[in-house]
2 protein chains.
Amino acid sequence: MVNSRKQFKRESPDQRQDDLIAATLRLIASGGPEAATVRNIAMEAGVTPGLIRHYFSTKEDLIGAAYERHMTTMRYATYSTREGALPGAVARLAALVTASLTAPVTDPRAMALWAGFIQSVQRDAAMHAIHEKTYFQFRDQLQMFISDAFIELGQPKDQADLRKFAIACNAVLDGLWLEGSALPDTFETGELPAIGLASIGAILGMKLEG
Amino acid sequence: MVNSRKQFKRESPDQRQDDLIAATLRLIASGGPEAATVRNIAMEAGVTPGLIRHYFSTKEDLIGAAYERHMTTMRYATYSTREGALPGAVARLAALVTASLTAPVTDPRAMALWAGFIQSVQRDAAMHAIHEKTYFQFRDQLQMFISDAFIELGQPKDQADLRKFAIACNAVLDGLWLEGSALPDTFETGELPAIGLASIGAILGMKLEG
DNA sequence: TATGAAATTATACAAGCGTATAATAAGAAT
DNA sequence: ATTCTTATTATACGCTTGTATAATTTCATA
């Protein structure tokens, strides 16, 4: 009788954790949270189910790690868009708005992921903490962009005003992102970025288009 | 041996369906979609599990019905706020914005419900259709409010402009609603309605506060 | 009061879930 | 080469899930 045990290659812990997280994200994106079973994740990552428990003490841990990874990736995809390569602060803000409202940020699969996670934010303390952290990271960075734009225009604002502007602009981005991701076929190409630029421009009292 | 079979009272089909939907909503709101099992729903509604299959051919059907019910309820809570009792179109629009961004619309439990549902919009054709329908119902009604406000101010707009305004204002409401529901403790009382009024006022170029 | 439709309960089943634990293999260190 | 750590596989367990089906009970109608 031949040895039928599965052959495997030892990977570094970091690499294996990455693989498992990536497999989890792929499954949730395509099939929702209920598709991300321990067995499915293992199969998707090309390992056997038991290995998951070797890296994550519970399935919830893995889900939480995947959520944080996803949010960080989206934030990076938004803010890294030609950062620094643009002439001025206002132009950088406009680029940020556009990047937030076009692929790959605005994307049905990304939204499926996000929605799968956000539902547990209320219930699970760990997920709540991760959400709060990533939300403030994003909003604070947006607030800095806004502040820089005002300074560039010679109209510096105080912190209280900046906070309100950041909340409002973040809401516009979230809302449009949501609409565009949930019903992508009901908007023309470029319609959402155009509306975003016009709306945020109106809120801040500065011209962002062109 | 006494008869140990559970005693029950016959209810009208409509009433029983209502009860099952209400029980489903309560469970999803407090424990997420995974808490809404057939057995839990039945227990919450005070019936036995088999009855659910008598009214809904599959569990997905029940979930879909619950989603539609929830969205309709929220829409009603938003638009019925002193509707008609207010002096003018601009004031009605302002009241709508405020109602959208205060309890019971902006509420962690409502968001948990919504998030639980929205995740399946991509995957499930029936849920997608329900979402599209309720989304357009809401946005079209918002667009009418906006149109009336412009007319009242003597600045009527054409359909293309109104569409963009409705998309933008809906995004502001969605985004602020999301922020306020997901992290209710990070905003002061009345802060979100104030930001909503200021932002939508700026987008439309009209004064909504006061 | 008897009849019958259908609302409701009761029970069963196969599949899938997360988790625990022991056996094995790989690869680095000696 | 050998040893040893640990990454990885294999297997099993108890529980929950959604669904199917048959047995009952209720209540309106005749």
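Chain identifiers are assigned alphabetically (A, B, ...) following the order of the sequence lines, protein sequences preceding nucleic acid strands; residue numbering begins at 1 within each chain.
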Legend entry - Contacts of type side chain to side chain donor-acceptor pair (under 3.5 Å), residue A:R16, not counting sequence neighbours: none
Legend entry - Whole-Å distance separating the CZ atom of B:F56 from the P atom of D:dT19: 13 Å
Legend entry - Side chain to side chain, A:F8 and A:L51, heavy atoms closer than 4.5 Å: no
Inset, instruction - Measure the distance from NZ on A:K6 to C1' on C:dA23 and round it to the nearest whole Å. - result: 17 Å
Legend entry - ring pair (Phe, Tyr, Trp, His ring centres under 6.0 Å) contacts in which one or both residues fall within residues 86-116 of chain B, not counting sequence neighbours: B:W114-B:W177
Inset, instruction - Hey, could you give me each pair passing ring pair (Phe, Tyr, Trp, His ring centres under 6.0 Å) that has a residue in residues 30-75 of chain B? Not counting sequence neighbours. - result: B:Y67-B:F117
Legend entry - Protein-nucleotide distance (B:M43, atom CE; D:dT16, atom P), rounded to Å: 11 Å
Legend entry - With sequence neighbours excluded, residues passing ring pair (Phe, Tyr, Trp, His ring centres under 6.0 Å) with A:Y135: none
Legend entry - Under-4.0 Å side-chain N/O to phosphate OP1/OP2 contact, A:H54 with D:dT8: no
Inset, instruction - If a protein heavy atom is under 4.0 Å from the base, mark B; if only from the sugar-phosphate, S; if neither, -; do that for nucleotides 11-22 of chain C going 5' to 3'. - result: -B----BBBS--
Inset, instruction - Evaluate the side-chain proximity of A:I167 to B:L192: yes if any heavy-atom separation is below 4.5 Å, no if none is. - result: yes
Legend entry - Distance-only donor-acceptor check, side chains A:R75 and A:Q141, under 3.5 Å: yes
Inset, instruction - Check the distance between D:dT6's P and A:Y55's OH and give it to me in whole angstrom. - result: 12 Å
Legend entry - Rounded distance in Å - CG (B:L62) to P (D:dT17): 15 Å
Legend entry - Whole-Å gap separating P (C:dG27) and CD (A:Q15): 14 Å
Inset, instruction - Rounded to the nearest 0.5 Å, what's the gap from CZ on B:R53 to CG on B:D61? Could you check? - result: 10.0 Å
Inset, instruction - Can you tell me the distance, in whole Å, between the CD1 atom of A:I52 and the P atom of D:dA10? - result: 15 Å
Legend entry - Length of the line joining A:Q17:CD and D:dA7:P, which is rounded to integer Å: 10 Å
Inset, instruction - Go through residues 7-14 of chain A and report each residue with a non-hydrogen atom lying under 4.0 Å from DNA chain D, sorted by number. - result: A:F8, A:K9, A:R10, A:E11
Legend entry - Value rounded to 0.5 Å, distance of CZ in B:R5 from OG1 in B:T48: 8.5 Å
